[in-house]
Undergrad: 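Below you will find the structure I want to go over with you.
Counting convention: from 1, in listed order, for ligands and their atoms alike.
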Amino acid sequence: MTRAMEKYLRGGLGGTAFCPGCGHGILLGALLRAVDRIGIHQDDLLFVSGIGCAAWIPSPNIGADTLHTLHGRAVAFATGAKIASPKMTTIVVSGDGDISSIGGNHLIHAARRDTDLTVICANNQIYGMTGGQTACTTPVGARTATDPAGNPHRPFDLCQLVIGAGARYAARYPITRPPMLVDAIEKAIRTPGFTFVEAISPCPTQFGRRNDTPDVGDLYEKVEALCIDRENAESMTFDERLKHFVIGEFRP
Ligand SMILES: Cc1ncc(C[n+]2csc(CCOP(=O)(O)OP(=O)(O)O)c2C)c(N)n1
Ligand SMILES: [Mg+2]
């Protein structure tokens, strides 16, 4: 077994916070590979997260500076840190609930201000850590702890949201396609100003279990089947696009 990224990990943690089949660990691997390619020294890296399963992706795993902050406030803390230490490459990694539900206003205003941050959103379409409540990213009809008969509301298209707010670069890929995710994270970090990567990171425990896909393999296959390239989605209606994961890169 090769453990090429081990040098980036804080040793001695004795386990993982993630459930079997959680996509968040694959996202951690993709993030470290992107950082490794760019060659940023660990002393020059700051990772900021909020609260939730996804907030455990950088902290405590990565052996660089990590700020594990309040729910919904990762982008606000990262903004302050960037102003205080502009030379630090500052990367927010957190969940869909954290970044776009409770933290949605910080997200759009950081994009508008073009704050020099990369925000990586691990989108599992649910509040995973707190028992599977509906998030603003939950698809129409998906069953959750708070919508057992199916969510009646449309989800945000996070990439379009941040592009509309002024982001320099946005991309969406599932964790079932790690090379594309690594490329997108690398591009986002290398692009000055506000950049955003949405990683579709399935949650078997809270989402799959309630939505006919308790098996991890089945859930990952379902995610893959729902992926459609940005170019092919252009001819779809808005409502059709909402039923898919429109993947690719989005620029202003
Ligand atoms: C102010 C505040 N409100 C609510 C909570 C409870 N809470 C903790 S994590 C979380 C949701 C996290 O969801 P997400 O960011 O999508 O991460 P996931 O666990 O799905 O990876 C909530 C509602 C909190 N900790 N603080
Ligand atoms: Mg979530």
Undergrad: Mind checking whether Q206 has a heavy atom under 4.0 Å from ligand 1?
TA: no
Undergrad: Checking only N/O/S atoms, does N124 have one that is under 2.8 Å from the Mg ion (ligand 2)?
TA: yes
Undergrad: What is the nearest protein non-hydrogen atom to atom 23 (C) of ligand 1, stated with its residue, atom name and distance?
TA: H71 NE2, 3.4 Å
Undergrad: Hey, are R241 and D157 close enough for a salt bridge, meaning a charged N less than 4.0 Å from a carboxylate O?
TA: no
Undergrad: Going by distance only, is there an N or O of G52 that falls short of 3.5 Å from an N or O of ligand 1?
TA: no
Undergrad: Tell me the protein heavy atom at minimum distance from atom 20 (O) of ligand 1, and give that distance in Å.
TA: G128 N, 2.7 Å
Undergrad: What protein heavy atom is closest to atom 15 (O) of ligand 1, reported as residue, atom name and distance in Å?
TA: D98 N, 2.7 Å
Undergrad: Indicate yes or no: does R37 engage D183 in a salt bridge with an N to O separation below 4.0 Å.
TA: yes
Undergrad: Any nitrogen or oxygen of Y127, side chain or backbone, less than 3.5 Å from one on ligand 1?
TA: no
Undergrad: Looking only at distances, can you tell me whether any N or O atom of I102, backbone or side chain, sits closer than 3.5 Å to an N or O atom of ligand 1?
TA: no
Undergrad: Considering heavy atoms of the protein only, find what lies nearest to atom 14 (P) of ligand 1 and give residue, atom and distance to 0.1 Å.
TA: G97 N, 3.5 Å
Undergrad: Is it true that D44 and K87 have a side-chain N and a carboxylate O under 4.0 angstrom from each other?
TA: no
Undergrad: With a 4.0 Å heavy-atom cut-off (strictly under), which part of D96 contacts ligand 1: side chain, backbone, both or neither?
TA: both
Undergrad: Looking at R172 and E249, does any basic side-chain N land under 4.0 Å from a carboxylate oxygen?
TA: no
Undergrad: Answer yes when R143 and D212 have at least one side-chain N-carboxylate O distance shorter than 4.0 Å, and no when they do not.
TA: yes
Undergrad: For atom 6 (C) of ligand 1, what is the nearest protein heavy atom, given as residue, atom name and distance?
TA: T130 CG2, 3.8 Å
Undergrad: Could you confirm whether A122 has any N/O/S atom lying under 2.8 Å from the Mg ion (ligand 2)?
TA: no
Undergrad: Taking both backbone and side-chain atoms of I99, is any N or O found less than 3.5 Å from an N or O belonging to ligand 1?
TA: no
Undergrad: When you measure from the Mg ion (ligand 2) to the N, O or S atoms of D96, does any of those distances fall below 2.8 Å?
TA: yes
